[in-house]
There are 2 protein chains.
Amino acid sequence: MARVTMADVAREAGVSTMTVSNVLNERLPVNEPTRARVMAAVAALGYEVNLTARHLRAGRTDTVAFIVPSFHDYFGEIADKIAPLIEADGRHLVLERTSASPEHEMAAVSVARLQYYDGVLLSVAGLDRDQLDRVRTPKPIVLLGERDVPDRFNHVRLANEEGARLATAHMIEHGSRRILALGCTFDTAHMMSSDRRAGWERALRDAGLDVDARHVVPVSTYTSAAGRDALLDVIASGLPFDGVFAVTDVIALGAIAALAESGLRVPVDVQLAGFDNLDMARFVPPGLTSVDADHEGVAETAVGLLRRQMAGWTGPAEHVVAPVSLVVRGSTRGGA
Amino acid sequence: MARVTMADVAREAGVSTMTVSNVLNERLPVNEPTRARVMAAVAALGYEVNLTARHLRAGRTDTVAFIVPSFHDYFGEIADKIAPLIEADGRHLVLERTSASPEHEMAAVSVARLQYYDGVLLSVAGLDRDQLDRVRTPKPIVLLGERDVPDRFNHVRLANEEGARLATAHMIEHGSRRILALGCTFDTAHMMSSDRRAGWERALRDAGLDVDARHVVPVSTYTSAAGRDALLDVIASGLPFDGVFAVTDVIALGAIAALAESGLRVPVDVQLAGFDNLDMARFVPPGLTSVDADHEGVAETAVGLLRRQMAGWTGPAEHVVAPVSLVVRGSTRGGA
DNA sequence: AAGCCGCATTTTATCGATAATATGACGGCA
DNA sequence: TGCCGTCATATTATCGATAAAATGCGGCTT
């Protein structure tokens with residue numbers, strides 16, 4: 001069961017290992033008869049190149065990593081968009097996960113691990129600016145996600161504030177006056193939820209409505225269960241509301257459950273909008289109005305930046321804010 | 001920006017590279033003063049081991065791959081269960097995807113790629129028995145998924161037929177008489193959908209009901225969109241039905257959308273049950289009754305088998321059928 | 001005091017491939 | 001005939017780490 005090496009193939013074909021290498025990599029030309037003998041030997045022995053050895057010597061793995069907090073939902077959907085773009089260049093995408101805990105994220109981002117990849121897409125959920133600043137790697141890297149990051153990194157994020165504003169303004173336009181910001185926070189350390197809160201706030205102000213701090217409802221984690229629990233608490237408290245802007249679709253799904261359990265009708269009693277436009281948003285009755293983050297476009301932008309670095313570009317890092325739009329469905333009154 | 005190697009550390013500390021290696025790996029004992037000098041040099045230079053070189057020499061990567069058809073939904077959820085189990089052994093999990101196309105799956109499974117990992121969990125969605133039989137690797141490998149696989153592989157799959165029977169019988173018990181098998185097929189090449197169809201059929205026969213071939217409704221792909229479209233077609237055709245067993249929760253979600261759009265009430269007019277018990281099933285109103293595949297247990301079983309192989313076990317392969325149970329929610333009449 | 005032993009450390013060889021360089025056969029041309 | 005260039009193939013050195021074997025030194029025994 002010993003592995004077949006290039007030397008075995010060379011012996012079988014009666015040539016040197018370099019000739020085998022040249023045949024397989026088409027680096028230097030090889031005469032046809034020799035070439036045929038080598039190919040025959042490769043087939044006969046079932047040889048496959050040892051990628052580790054190649055990497056050590058040639059410094060290339062043709063592999064890109066996408067490092068995510070979890071494999072779930074949003075990241076799974078994004079990853080499925082990124083993969084074909086990476087494969088189009090003849091490279092291979094692998095996912096690693098950091099559990100959204102800073103220690104794990106730092107470990108995944110340790111230079112030792114990154115060495116293996118030709119490039120890295122890092123979704124920065126659990127890392128703050130200081131931690132990122134400690135990441136010193138000569139490898140091409142692009143950051144994704146709603147965080148403040150050091151200038152030297154390429155970075156793609158969403159127009160969070162604008163998206164939240166769109167969704168909130170839309171609900172105001174269709175009659176909501178007391179809109180919860182579910183999963184939002186005043187804590188600026190987490191830019192996703194604080195920027196989206198700011199957008200919610202701006203929509204209210206633009207419409208001349210009061211901003212009531214009680215309407216900002218934090219969640220313990222970004223899960224449907226936490227969204228549901230938080231909204232049930234609000235309902236139980238008796239605080240009146242007629243709209244919910246959920247900071248993500250996953251949380252919006254929890255909100256849908258809470259509203260249904262409480263006998264509140266969507267969109268008649270309460271309008272609801274989410275953020276991310278996950279596949280699921282189209283199908284959950286009555287259809288979830290959601291801010292579309294254009295996964296496809298984000299993926300293309302990020303991969304484009306990475307590709308440029310892998311090709312040797314060393315210009316200044318770019319910080320892209322991807323535009324968003326509102327997809328209106330049945331959970332708000334503008335929908336069908 | 002040249003990388004710091006062990007030789008650089010050795011020079012800085014005034015020792016040989018082997019001493020550095022021994023300090024870092026704690027293989028042979030090293031005197032405390034020497035050890036301290038080495039650690040100081042490591043810190044001063046910011047040295048990190050080159051994992052590729054270590055792999056080439058030591059043959060170990062401490063990395064396990066989970067190879068999936070897509071990063072979405074079911075596989076994302078399973079992967080999040082598997083990751084902590086792998087990490088508990090001090091190893092690292094990465095995901096690769098095969099796009100559910102045979103060529104890609106074969107490429108991902110090529111011995112060349114597998115060499116990099118200490119072990120592989122392979123979700124066999126797009127591969128048939130013959131293709132799997134061509135996979136020859138000395139690496140520990142465990143197959144997951146609803147396919148017929150060669151005996152020599154360890155394999156974990158679900159009790160598909162029993163799960164489908166449970167779900168269908170439950171709907172019959174609560175009054176459904178004409179239950180569609182949405183996403184099912186008679187084609188035995190795809191065991192997931194044919195085994196689940198068989199379970200549906202058995203429940204009908206057990207209850208003395210007719211099996212109507214028109215009730216087996218295939219889908220073009222295993223997506224919510226395809227599930228919705230297929231069910232809308234049935235509704236448009238006028239074929240009467242009062243229950244839907246969807247072959248997966250993702251398809252059940254599409255069914256929910258189709259039913260809602262058509263003004264059919266769940267569970268009053270139509271009962272609905274899915275399979276997989278995804279997180280989402282708890283939250284989509286009125287709660288999706290679903291066959292629980294015990295992701296946690298499946299993950300533990302599969303990782304257990306893999307761990308055993310990585311520890312050197314060479315006994316015969318095991319073929320585990322994971323038990324399932326029915327989680328009743330509001331989409332069937334037994335629910336709350 | 002010679003000999004042996006144990007321990008810390010170094011030397012050597014190797015994992016499997018490939019970049020850079022060397023060799024050698026052959027043809028063309030003066 | 002002799003010299004040179006060209007093309008195919010072979011040799012050598014190397015990527016960075018580590019297993020195995022070698023060295024060397026101080027202490028202990030008799």
Side-chain angles (χ1 to χ4, degrees), chain A residues 1-39 41-42 45-63 111-116 118 138-139, chain B residues 1-39 41-42 45-63 110-118 138-139:
Chain A
M1 189 57 87
R3 168 141 279 91
V4 180
T5 73
M6 201 172 255
D8 298 324
V9 174
R11 196 173 320 113
E12 173 86 7
V15 297
S16 74
T17 60
M18 268 320 290
T19 301
V20 177
S21 176
N22 283 329
V23 167
L24 296 178
N25 298 301
E26 301 182 326
R27 232 175 68 89
L28 299 181
V30 175
N31 266 9
E32 186 45 40
T34 315
R35 191 195 143 65
R37 282 214 316 287
V38 169
M39 291 310 280
V42 165
L45 300 179
Y47 169 79
E48 302 218 36
V49 68
N50 181 321
L51 294 174
T52 301
R54 168 182 290 170
H55 180 208
L56 181 60
R57 184 70 245 250
R60 164 181 59 96
T61 59
D62 296 328
T63 302
V111 176
R113 291 210 58 82
L114 295 191
Q115 282 175 345
Y116 181 71
D118 287 353
K139 285 290 164 86
Chain B
M1 190 55 88
R3 169 141 278 91
V4 180
T5 74
M6 202 172 257
D8 298 324
V9 175
R11 195 173 322 113
E12 172 86 7
V15 298
S16 73
T17 61
M18 268 320 290
T19 300
V20 177
S21 175
N22 284 329
V23 167
L24 296 178
N25 297 299
E26 302 181 328
R27 232 175 66 91
L28 299 180
V30 175
N31 268 8
E32 187 46 39
T34 315
R35 190 194 144 66
R37 281 215 315 287
V38 169
M39 292 309 282
V42 165
L45 300 180
Y47 169 77
E48 301 218 37
V49 68
N50 180 323
L51 295 174
T52 301
R54 168 181 291 170
H55 180 209
L56 181 59
R57 184 68 244 248
R60 165 182 56 98
T61 59
D62 297 328
T63 301
S110 83
V111 176
R113 291 210 58 80
L114 295 190
Q115 282 174 347
Y116 181 72
Y117 303 107
D118 288 353
K139 284 291 164 83

Visitor: Just how large is the angle between the end axes of the helix from C:dA1-D:dT30 to C:dA30-D:dT1, five pairs per end, to 10 degrees?
Guide: 70°
Visitor: Taking for each residue the nucleotide of DNA chain C with the nearest heavy atom, is it B:R57 or A:N50 whose nucleotide lies nearer the 5' end?
Guide: B:R57
Visitor: I'd like to check the side chain to side chain contact (heavy atoms under 4.5 Å, CB included) partners of B:E26; sequence neighbours left out, ordered by chain and number.
Guide: none
Visitor: Tell me whether B:D8 contacts the main-chain N or O of B:T5 through its side chain, where contact means a donor paired with an acceptor under 3.5 Å.
Guide: yes
Visitor: Check step by step if side-chain contact (heavy atoms from CB on, under 4.5 Å) holds for A:V15 and A:V38.
Guide: CA-CA 8 Å; A:V15 297; A:V38 169; 4.0 Å; yes
Visitor: Taking any atom closer than 4.0 angstrom to a non-hydrogen atom of chain B, what span of DNA chain C does the protein reach, first nucleotide to last?
Guide: C:dA8 to C:dG16
Visitor: Do you know the tightest heavy-atom contact between A:A10 and A:S16?
Guide: CB-C, 3.7 Å
Visitor: With nearest nucleotides of DNA chain C determined for B:A53 and B:T17 from heavy-atom distances, which residue corresponds to the more 5′ nucleotide?
Guide: B:T17
Visitor: Would you call B:T19 and B:T17 a side-chain contact if the rule is heavy atoms closer than 4.5 Å?
Guide: no
Visitor: Got a sec, which residues hit side-chain hydrogen bond (donor to acceptor under 3.5 Å, both in side chains) with B:N31, two or more places apart in sequence or on another chain?
Guide: none
Visitor: Shorter than 3.5 Å, N or O on both sides, protein versus nucleotides 7-9 of chain D: list them out with atom names.
Guide:
{"residue": "D:dA8", "atom": "OP1", "partner": "A:N31", "partner atom": "OD1", "Å": "3.3"}
{"residue": "D:dT9", "atom": "OP1", "partner": "A:T34", "partner atom": "OG1", "Å": "2.4"}
{"residue": "D:dT9", "atom": "OP2", "partner": "A:N31", "partner atom": "N", "Å": "2.8"}

Visitor: On a heavy-atom basis, which atom in A:A41 and which in A:E12 lie closest, and how many Å separate them?
Guide: CB-CG, 3.5 Å
Visitor: Is a side-chain donor or acceptor of B:D118 paired with a backbone partner of B:D62 at a separation under 3.5 angstrom?
Guide: yes
Visitor: Between the side chains of A:T61 and A:H55, does any donor sit under 3.5 Å from an acceptor?
Guide: no
Visitor: Hey, does the side chain of A:R35 reach the backbone of A:V30 with a donor-acceptor pair shorter than 3.5 angstrom?
Guide: no
Visitor: Return the polar atom pairs (N/O with N/O) between nucleotides 22-27 of chain D and the protein under 3.5 Å, or none.
Guide:
none

Visitor: Would you confirm whether B:N50, through its side chain, and B:T52, through its main-chain N or O, come within 3.5 Å as a donor-acceptor pair?
Guide: yes
Visitor: Run the side-chain contact (heavy atoms from CB on, under 4.5 Å) test on B:M6 and B:S21 for me, step by step, so that the C-alpha distance in whole Å, both residues' side-chain angles and the decisive distance to 0.1 Å come before the verdict.
Guide: CA-CA 8 Å; B:M6 202 172 257; B:S21 175; 3.9 Å; yes
Visitor: Nearest whole angstrom, please: distance from the C1' of D:dA13 to the CG of A:L56.
Guide: 13 Å
Visitor: Measuring from atom CD of B:Q115 to atom CD of A:E48, what distance do you get when rounded to the nearest 0.5 angstrom?
Guide: 7.0 Å
